[in-house]
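Data first, discussion second: the structure below is written as C-alpha cells.
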Amino acid sequence: VSFTKQIDEDFFEELEEILIQGDVGVNTSMELVEKLRAQVKARKIEDPAELKAVLKELVREILGEETESLNLTGQPLSIFVVVGVNGVGKTTTIGKLAHKLKAEGKKVILAAGDTFRAAAIDQLEIWGNRAGVDVIKHNEGADPAAVAFDAVQAARARKADCLIIDTAGRLHTKTNLMEELKKVRRVIEREIPGAPHEVLLVLDATTGQNAVQQAKIFGQAAGVTGIALTKLDGTAKGGVVISIKAELDVPVKLIGIGEGMEDLRLFDAREYAEALFE
Amino acid sequence: GLAEKLQNTFKKLRGKGKLTEADIKEALREVRLALFEADVSFKVVKSFENKIKERCMGREILESLTPGQQVIKIVNDELTELMGGTQSKITIASKPPTVVMLVGLQGAGKTTTAGKLANLLRKQGRRPLLVAGDVYRPAAIKQLQVLGQQLDIPVFSMGDGISPVAIAKGAIEYAQSNGRDLVIIDTAGRLHINEELMDELKNIKAEVKPHEILLVVDAMTGQVAVEVAETFNNQLGVDGVILTKLDGDARGGAALSIKAITGRPIKFAGMGEKLDALEPFYPDRMASRILG
Ligand SMILES: Nc1nc2c(ncn2[C@@H]2O[C@H](COP(=O)(O)OP(=O)(O)OP(=O)(O)O)[C@@H](O)[C@H]2O)c(=O)[nH]1
Ligand SMILES: Nc1nc2c(ncn2[C@@H]2O[C@H](COP(=O)(O)OP(=O)(O)OP(=O)(O)O)[C@@H](O)[C@H]2O)c(=O)[nH]1
Ligand SMILES: [Mg+2]
Ligand SMILES: [Mg+2]
C-alpha cells in the first residue's frame, strides 16, 4: 500500500469483509462501515492506513471502554448463575472462575446444577478438586432448583464469599427448560436479597448469528448480566458480541482462551478490537 | 423469509417497465444478505452469488412477468443442487469390524452422537462397541460409559493414562475377539489449528484405518465453518459430516458452507439430547431452512 493511494471503495469493502468473517453480522458490519465513511469525511482522512484504527475505535465505542467487573458486592455472599446452550463451555468456565476468585482470596463454593447430562456432576467435581473448592451436589435426576436451594444454605453456613451455580446446557427454544431456569432463579431470589448478583451467559466464539437470539431469550428468562465468551484461542472472533452489546446492552465480562484452569481473562475491549482485525 | 423479500424488491420495481441489470443486482443483494444472516461463510456466499448472477441476468428474468418468483426458483435450484442428495449410509466393511471415528471442535456433540450412532446402527443389526478415546476432558470416559450403560452397549476404555492411538488399537483387538462388528471411536474435542492434536488424529487413523471419519459440527457454527471443515478434510480426510443441535433455531448455513467447500455429504442430523435423536440429514429441508 503506497502512501499516495486514495481511499476508495475497495478499502471499505475489505474492512466490511473482515467484520462479516468475524461473525459481526452483515447488518452490524454495514452500519460500522457507514459510520467509518462518515468519520473519514468528517475528519478528512486521506491515508487508508488510518481506516483500520478508526474502525477499531468504533468497535470499542460499542463494546464499552471500561472493563466490566464481576458483581461481588453481595452480602453476605454473591451468587453467580452460569447459563447457556449445550456445549459452549459453562462447566469449564466455572472451574476456571473458581480458581481465579480463590486466588484473589475469595471463599468459593460450586453447585452442580446440571442434574441431567451424563457425568455432568462428575465433571464439575473434578474442576472443584482442581480449584480446591467444595461442590454441592444431589443425585442425578434431582430438581436443579432443589440443588440451588441447598447450595445457598450451604454457602451461607460455610460463610462463602461466592457461590457459582452450574446449569444444564439448554437450547433457548425449549420453553420447558427455560421455565426450569426461571424457577432456579426464583429460588435464589427468595433466599438472598439482590441475588443472583451475576447471571453469566456463556457464548461459544464459533457461534454465528444465533448467539443474538440466545442472548435475547436467555436475557428475558434469566436476566443475563454478562457474557463469558469462550474458545477465543481458536480462529473464531465471536463478533456477535458487538450486536449483542448494541442491541441488548449486555457486556462481555470474561473470555475463555483454552481448556486449562488458567485460561480465563477479564474482557478487554481494546485487545478484542485489535484481535478482530488480525 | 427470502421469498417475501424478493417479492417486495420486485414489487417496488414493477411500475418501471423493463427490468435493468441494476434491478437484478438489488435482488442479488437480498440473496446475499439472507445467506449471511443464515451464517453461510463469506467465500461460499460470494461463489454462490457469482453462480446465480448469470442466470439472473438472462432473458428469462428480465422479460418475466414474475421476476421475483423466477429468482427464488433459481436460488432454490442452485441451493438444492449444492446441498446434494440424501446420503445417510455408513460404509460397512467387508471384513469386520467396521471402524467409525468421530472428530470435531470442542463441545460439538461427539460423545452424545457416538451413543446415538451406536443406538441407530444396533437397530440396523450391528453389534457396536463404543470406544472412550478422550483422555483429556474431565469425566469424558465416564460420560461415554454412562451412555453405554443407558443403551446396554459395551464401552471399551483403557483409562485416561494411555494414548488414544493405543486405545483405538486395543479396541479393534477387543472387537475382533468379542464379535463386535462396528467400532465407534469417540475422540477429544480439539481446535483445527492445534498441530499436536491434529497429529494425534492422523496417528489414530494410521493405526486403525477407519472406514468412516465423521466430522461432528454444531449447527449454530458461524463463519469459521469453512475453515474448520477444510482443515479437517485436508489434514485428515473426512468421509461425512454430522450436524448437531438442529433441534434449535440456528439457520444452519454452516451446512451449505461445508458441503460447498469439501464436497463431503452431511449424513446425519442431531435433533436433541436423547440417544434416539439422530435422523438422516435431508438436504432439501436444510436448503429451505437456510433461506428462511
Ligand atoms: N479451546 C477451548 N475449549 C474450551 C474452552 N472452554 C471450554 N472448552 C471446551 O469445550 C468443551 C465443552 O465444555 P463444557 O464446560 O463441558 O461445556 P458446557 O457448556 O458445560 O456443556 P454442557 O453442560 O454439556 O451444555 C470441553 O471440551 C471444554 O474443554 C475455551 O475457552 N477454549
Ligand atoms: N439439543 C441438542 N443438544 C445436543 C445435541 N447433541 C449433543 N448435544 C448436547 O451438547 C452438549 C455437548 O455434547 P458432547 O457430546 O459432550 O460434546 P463433545 O463434542 O463430545 O464435547 P467435547 O468432548 O468436550 O469436545 C451436551 O449437553 C449434549 O447433550 C443435539 O443434537 N441437540
Ligand atoms: Mg456443563
Ligand atoms: Mg466428548
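Below, chains carry the letters A, B, ... as their sequence lines are ordered, and counting in each starts from 1.
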Side chain, backbone, both or neither: which part of [X] has an atom under 4.5 Å from a heavy atom of chain B?
X        : answer
A:Gln213 : side chain
A:Glu17  : both
A:Asn27  : side chain
A:Val88  : side chain
A:Lys237 : neither

(request) Report yes or no: do A:Asn176 and A:Glu180 form a side-chain donor-acceptor pair below 3.5 Å? (result)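 Their side chains do not contain a donor-acceptor pair, so the 3.5 Å distance test is not met.
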(message) Hydrogens and angles aside, do A:Asn86 and B:Glu273 bring a side-chain donor and acceptor to less than 3.5 Å of each other?
(response)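 The criterion, which ignores hydrogens and geometry beyond distance, is satisfied for B:Glu273 and A:Asn86.
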I need the residue from [options] with the largest number of non-hydrogen atom pairs under 4.5 Å to chain B.
options                               : answer
A:Leu171, A:Ile126, A:Ile20           : A:Ile20
A:Asp204, A:Asn210, A:Thr92, A:Leu124 : A:Asn210
A:Ala120, A:Gly87, A:Gly25, A:Gly89   : A:Gly87

Ignoring hydrogens and geometry, is there a side-chain-to-backbone donor-acceptor pair from [X] to [Y] under 3.5 Å?
X        : Y        : answer
B:Thr262 : B:Ala229 : no
B:Arg122 : B:Leu151 : yes
B:Arg251 : B:Asp249 : no
A:Lys90  : A:Val85  : yes

Between [X] and chain A, which part of the residue has a heavy atom less than 4.5 Å away: side chain, backbone, both or neither?
X        : result
B:Leu105 : side chain
B:Arg137 : side chain
B:Gln143 : both
B:Asp247 : both
B:Leu33  : both
B:Glu37  : both

(request) For residues A:Val184 and A:Ala148, report the shortest heavy-atom separation together with the two atoms involved. (result)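 Result for this residue pair: CG1-CB, 4.1 Å.
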(message) Just to verify, what does A:Glu278 make a salt bridge (Lys or Arg N to Asp or Glu O under 4.0 Å) with, not counting sequence neighbours?
(response)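 None.
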Among [options], who wins on heavy-atom pairs under 4.5 Å with chain A?
options                      : answer
B:Ala139, B:Pro138, B:Gly107 : B:Pro138
B:Thr221, B:Thr112, B:Asp218 : B:Thr221
B:Val224, B:Asp39, B:Val226  : B:Asp39

Can you establish whether the number of heavy atoms outside [X] located under 6.0 Å from its atom [atom1] is more than 12?
X        : atom1 : answer
A:Lys56  : NZ    : yes
B:Lys202 : NZ    : yes
A:Asn139 : CG    : no

